[in-house]
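What follows is a single structure, written as structure tokens, with notes after it.
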Amino acid sequence: MSGALVVGIDIGSSSVKVVVINRKTKETVGACSRNTDAGVPSTQPGISASEQDPGRIISAVQTCFLQIPEEMRAQIGWIGVSGQMHGIVLWKSGYGWKRDDQSGMFSSGDCVSTLYTWMDARCSRDFLTSLPKPDSHLRLATGFGCSTLFWLKRHAAHCLDDYDCAGTIQDYLVSMLCALDHPVMSTQNAASWGYFNTVDSQWNKEILSSSDFPLYLLPEVKQPGIVAGCTQYKWCVVPQATIVTVAMGDLQCSILARTFATEVKAVVNISTSAQVCLLMPGDFVPVIPSPENKFQSEETVEYFPYFNEQYLAVAASLNGGNVLAAFVEMLQTWTSDLGADVSTEEIWNRLCSGSEAVPYDSNALIIEPTIFGERHKPNSLGIVRNISPSNTCLQSVYRSLCCGIARNLCSMMSPQKLKEANARRMLGSGSVLVRNVYLRKQLEELYQLTIEVEGKDGCDAAFGAALVAANVHML
């Protein structure tokens, strides 16, 4: 373990990113990203599911990692991993992955499930209200690991018989690299699953056991920044015995990447989804709500574990870059139906390059872009108002859609809350916010704050994971 470099790996909803930093200077010396293209049909047809192939994700991680120069990979001594929160993948110990002795590369094994992602919507509100009430200040929602396990137990119990391990997709990668018999999970990812008390860092085992929940699938929980293990083999030229930290949440790592060298408290992140975050004081402790509010709460701000036992106040919207992507997909479908062949890349370029040229229109479309619902209002849908013959050109619709995303975020985390926290400026992260100047300007106008972004091209979470592995944050 003589390497001077640290690698951060982030497994997002649609892509993976790898960032290599100098452990001493914290400067980025290498970075790359790759789309995963991991979406697969549901293993239980007829439901509103969102599933991905873990094998494709691991393949994308390794393919991306191999883009880093070999001499640089040979100097890596520490690995930090972050990824999409809430989701769950199951596997059987000893059969969850394979390793090719000649190449040293991993692939998914003979006994591993699909990844049920945070976007999975199989758990209806009626189903959620039928579950036991958690001992936690965080609401339960569809797409959360424990909610999904409850659903599988009730509707496809036989599929659980094959597995004895479960974790997020980033926990799966860490288990693979360290050859763990049973996964470990950070408090950040445990909180995202539900039924986890963040104050005492314990699963609600008594509550869960009374409802025939498969407790044996719950991972051991550790604080973020703790070592999960060491690589058991040489991997992609990375030496054997390289230290690997417990996997963390992508949101927390993104925030860390943007704030570790500043005193800024507020961050807005927009990638597939969107969040506005506020770092809470060190003595803040969340309050568990009354029982009747645990499922029906319409509170838009929740408090998630961060680092150093601090909390983040988070307004987490399910509608971010995925809304813009759905709009682009719709446009491509329409042009195809009309006999034209226009690529998604060309549509994106036209939208982004032309939105600044469209003059302000006081009679613009008003779009509520919540087409994926929200956790505090899961049944909400998108709404378009104020339609007239003069405001439906392509660029006008796109600008109104960006305005709608910004207004929705602002309604969830009010400017007043940031003002009360004495936030004088905001830091911006996430690939969509970095690339979309108009969306950023809309947020600045609504919050009356300057948003500072850096051109990391959406690699903030990977950079943050590398910082944790480098132990720069006094963890």
Side-chain angles (χ1 to χ4, degrees), residues 13-14 118-119 121 266-277 298-301 314-334 344 347-418 426 428-449 451 453:
S13 302
S14 58
W118 61 271
M119 296 176 283
V267 178
V268 55
N269 177 76
I270 305 180
S271 49
T272 301
S273 55
Q275 304 87 23
V276 177
C277 307
E298 292 193 359
E299 289 293 327
T300 57
V301 177
V314 182
S317 173
L318 300 179
N319 299 274
N322 51 358
V323 173
L324 299 178
F327 179 63
V328 169
E329 183 179 356
M330 179 189 72
L331 292 176
Q332 188 183 41
T333 300
W334 284 3
T344 57
I347 294 173
W348 277 116
N349 290 338
R350 293 283 184 91
L351 291 174
C352 294
S353 63
S355 59
E356 289 294 301
V358 177
Y360 171 76
D361 182 5
S362 60
N363 194 38
L365 287 174
I366 299 173
I367 300 178
E368 296 179 22
T370 53
I371 59 175
F372 297 101
E374 294 290 7
R375 292 194 177 105
H376 62 285
K377 288 185 177 179
N379 296 325
S380 62
L381 295 173
I383 298 173
V384 181
R385 299 196 303 270
N386 206 42
I387 302 173
S388 74
S390 63
N391 62 10
T392 55
C393 75
L394 181 59
Q395 295 294 346
S396 294
V397 175
Y398 180 70
R399 285 183 56 155
S400 294
L401 194 56
C402 291
C403 289
I405 292 172
R407 280 196 302 267
N408 185 54
L409 271 178
C410 196
S411 72
M412 295 176 67
M413 177 78 81
S414 69
Q416 182 62 29
K417 191 171 183 68
L418 298 189
M426 296 179 77
S429 67
S431 57
V432 174
L433 190 67
V434 170
R435 299 168 185 168
N436 195 319
V437 176
Y438 184 74
L439 176 56
R440 198 158 67 240
K441 286 183 177 180
Q442 289 301 302
L443 286 166
E444 287 179 331
E445 289 182 11
L446 290 168
Y447 280 108
Q448 291 296 295
L449 292 171
I451 297 176
V453 300

Practice item. Indicate yes or no: at least one non-hydrogen side-chain atom of Trp118 is less than 4.5 angstrom from one of Ser273. Key: yes

Exercise for review: With the side chain counted from C-beta on, respond yes when Thr344 and Glu329 share a heavy-atom pair under 4.5 Å apart, and no when they do not.
Suggested key: no

Review point. Are side-chain heavy atoms of Asn408 and Met412 found at a separation under 4.5 Å?
Key: yes

Review point. Below 4.5 Å, heavy atoms only, C-beta onward: do Ile405 and Asn319 meet side chain to side chain?
Key: no

Exercise for review: With rounding to the nearest 0.5 Å, note down the distance linking OG in Ser317 to NE2 in His376.
Suggested key: 8.0 Å

Exercise for review: Work out which heavy atom in Ala315 is nearest to a heavy atom in Val301; give both atom names and the distance.
Suggested key: CB-CG2, 4.4 Å

Practice item. Enter the distance from Arg407:CZ to Leu446:CG here, rounded to the nearest 0.5 Å. Key: 7.5 Å

Point to revise | Residue pair Thr272, Ser14: steps toward the side-chain contact (heavy atoms from CB on, under 4.5 Å) verdict | key: CA-CA 8 Å; Thr272 301; Ser14 58; 4.1 Å; yes

**Study point:** Interatomic distance, Asn363 atom CG to Ser390 atom OG [nearest 0.5 angstrom]
**Key:** 5.5 Å

Review point. Can you name the closest pair of heavy atoms from Ala266 and Leu418 and give their distance?
Key: CB-CD2, 4.2 Å

Check your understanding: Would you say the side chain of Leu443 lies within less than 4.5 Å of the side chain of Val276, judging by non-hydrogen atoms?
Key -> no

Check your understanding: Taking all atoms of both residues into account, what is the closest heavy-atom pair of Met426 and Val268, and its distance?
Key -> CE-CB, 3.7 Å

Review point. Are Leu365 and Ile387 side-chain neighbours, meaning at least one heavy-atom pair lies under 4.5 Å?
Key: yes

Practice item. To the nearest 0.5 Å, tell me how far Asn386 CG sits from Ser400 OG. Key: 9.0 Å

Exercise for review: Using a 4.5 Å cut-off on heavy atoms from C-beta on, say whether the side chain of Leu351 contacts that of Leu324.
Suggested key: no

Exercise for review: Please lay out, stage by stage, how Ser429 and Val267 fare under the test side-chain contact (heavy atoms from CB on, under 4.5 Å).
Suggested key: CA-CA 7 Å; Ser429 67; Val267 178; 4.1 Å; yes

Study note, to complete from the structure: Looking only at heavy atoms, the pair that brings Ile451 and Glu444 closest together is N-OE2, 2.9 Å

**Study point:** Residues Cys352, Arg435; criterion side-chain contact (heavy atoms from CB on, under 4.5 Å); working and verdict
**Key:** CA-CA 8 Å; Cys352 294; Arg435 299 168 185 168; over 6 Å; no

Check your understanding: Where the side chain of Asn322 meets the backbone of Gly320, is there a donor-acceptor pair that is under 3.5 Å apart?
Key -> yes

Point to revise | Basic-acidic side-chain contact under 4.0 Å: Glu368, Arg385 | key: yes

Check your understanding: Does Asn436 reach the side chain of Tyr398, with side-chain heavy atoms less than 4.5 Å apart?
Key -> yes

Review point. Hey, what do you get for CG (Leu409) to OG (Ser414), rounding to the nearest 0.5 Å?
Key: 12.5 Å

Review point. Can you tell me how far CD1 of Ile371 sits from CG of Leu401, rounded to the nearest 0.5 angstrom?
Key: 8.0 Å

Study note, to complete from the structure: Residues Thr392 and Pro389: closest non-hydrogen pair is OG1-O, 3.9 Å

Practice item. Identify which one of Lys441, Gln442, Arg440 satisfies the side chain to side chain donor-acceptor pair (under 3.5 Å) criterion when paired with Tyr438. Key: Gln442

